[in-house]
Q: 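Could you have a look at this structure, given as structure tokens, before my questions?
Just so it is clear, the structure is predicted and the values come from calculations on it, not from any experiment. We count ligands from 1, going down the list as the structure has it; atoms in each ligand are counted the same way.
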Amino acid sequence: MRFRRAARVILIGAPGVGKGTQSERLLRRFPQLSSISSGDLLRHNVKHRTPLGIKVENTIKSGGLVSDDLMLRLISNELHQRGWIFPAHPEGHVMTLAAAGLGAATEPGSSSSSSSSNGSSAALDAETAAFLSSPAHARGFHAYGPPRVNEDPSASFLLDGFPRTAAQADRLDDIVPINLAVSIRTPLEVIMERIGGRWVHEPSGRVYNTSYNPPRVPGRDDVTGEPLVRRADDSEEVYRARWERFRETSEPLLEHYAKKGVLWEVEGLSSDEITPKLVREFERRFID
Ligand code: AMP
């Protein structure tokens, strides 16, 4: 199914509510949609030891929040690389990293671009990382005013994990207008029950759940027969703390998008219950 207009969507939901699952399903259902996960982008930078990755490594490890400035640079660069926004220029030219003298990028959206519309252009090289580390004015990003937004339906995206705070949402508004903020809700007790039944096989990362995906032999991995363990952060206490932290930061974020008239809430006890509602809403807003 094809979009009639560009979908610029953010997903908001507590940890464990199934944002990743919904993203995957939406991407499969609507081929024009791509996703950007801020956590994945950051982890990619850490793994590849880019200057930005080195800068944020400790913050991520300790579960803190990366500074708004760095996050904004990272996200706006990603949007730019994928051809979804163009830095404004008085003569209507697009300012690429190459044009800025850094030679790290091709024309956004061109076929030779390093990022396909559904792939990630997170493969930052040292030059791109240096670009990200420089202030916006030094690289001409906002030098000529707010970026122009690609209105083509193929420039449709889902942001996962960003913005996380109202301050980040404010700054994102200056770059690209979000036209749907989805708040995914599942009752706390239901998520706790799911987490309570979760067992993992650590060497492989295989995850089981005693209620809906049990191992063939209780307490044993299906493939190796080795014992299953509980994840340290799957404890009730740890989860309650994460939920509380999410509630505190998400309230102003939801308010931000409610004021703009783009907030839509969906509730369900499972991902399977939520998906059809979400798909229907996407069709209503972007296809019908
Ligand atoms: P996630 O995979 O979304 O849980 O993100 C992993 C980590 O990346 C978080 O614990 C934060 O340290 C950092 N992070 C991701 N998104 C953001 C954001 N929007 N603002 C600040 N830090 C973030």
Q: Quick one: does His80's side chain get under 4.5 Å of Phe86's, heavy atoms only?
A: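 When only atoms from C-beta onward are counted, Phe86 and His80 do not touch, as no gap falls below 4.5 Å.
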
Q: To the closest 0.5 Å, what do you measure between CD1 (Ile191) and OG1 (Thr186)?
A: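 Reported to 0.5 Å precision, the distance equals 5.0 Å.
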
Q: What does the 4.0 Å heavy-atom contact list look like for ligand 1?
A: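 Near ligand 1, by chain and number: Ser38, Gly39, Leu42, Arg43, Ile60, Gly64, Leu65, Val66, Met71, Gly161, Phe162, Arg164, Gln168.
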
Q: Just checking, any donor-acceptor pair under 3.5 angstrom between side chains of Asp152 and Ser154?
A: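 Looking only at side-chain atoms, Ser154 and Asp152 do form a donor-acceptor pair, the distance falling under 3.5 Å.
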
Q: Evaluate the ring planes of Phe30 and Phe282, with Trp represented by its six-membered ring, and classify them as parallel (under 30°), tilted (30 to 60°) or perpendicular (over 60°).
A: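 Ring orientation, 0 to 90° scale: parallel.
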
Q: Does Ile60 share a hydrophobic cluster with Ile54, counting links as ILVMFWY side-chain heavy atoms below 4.5 Å and allowing steps through other members?
A: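 No, no single cluster joins them.
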
Q: Going by heavy atoms in the side chains, are His256 and Gln168 under 4.5 Å from each other?
A: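 Heavy-atom side-chain distance check fails, nothing below 4.5 Å.
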
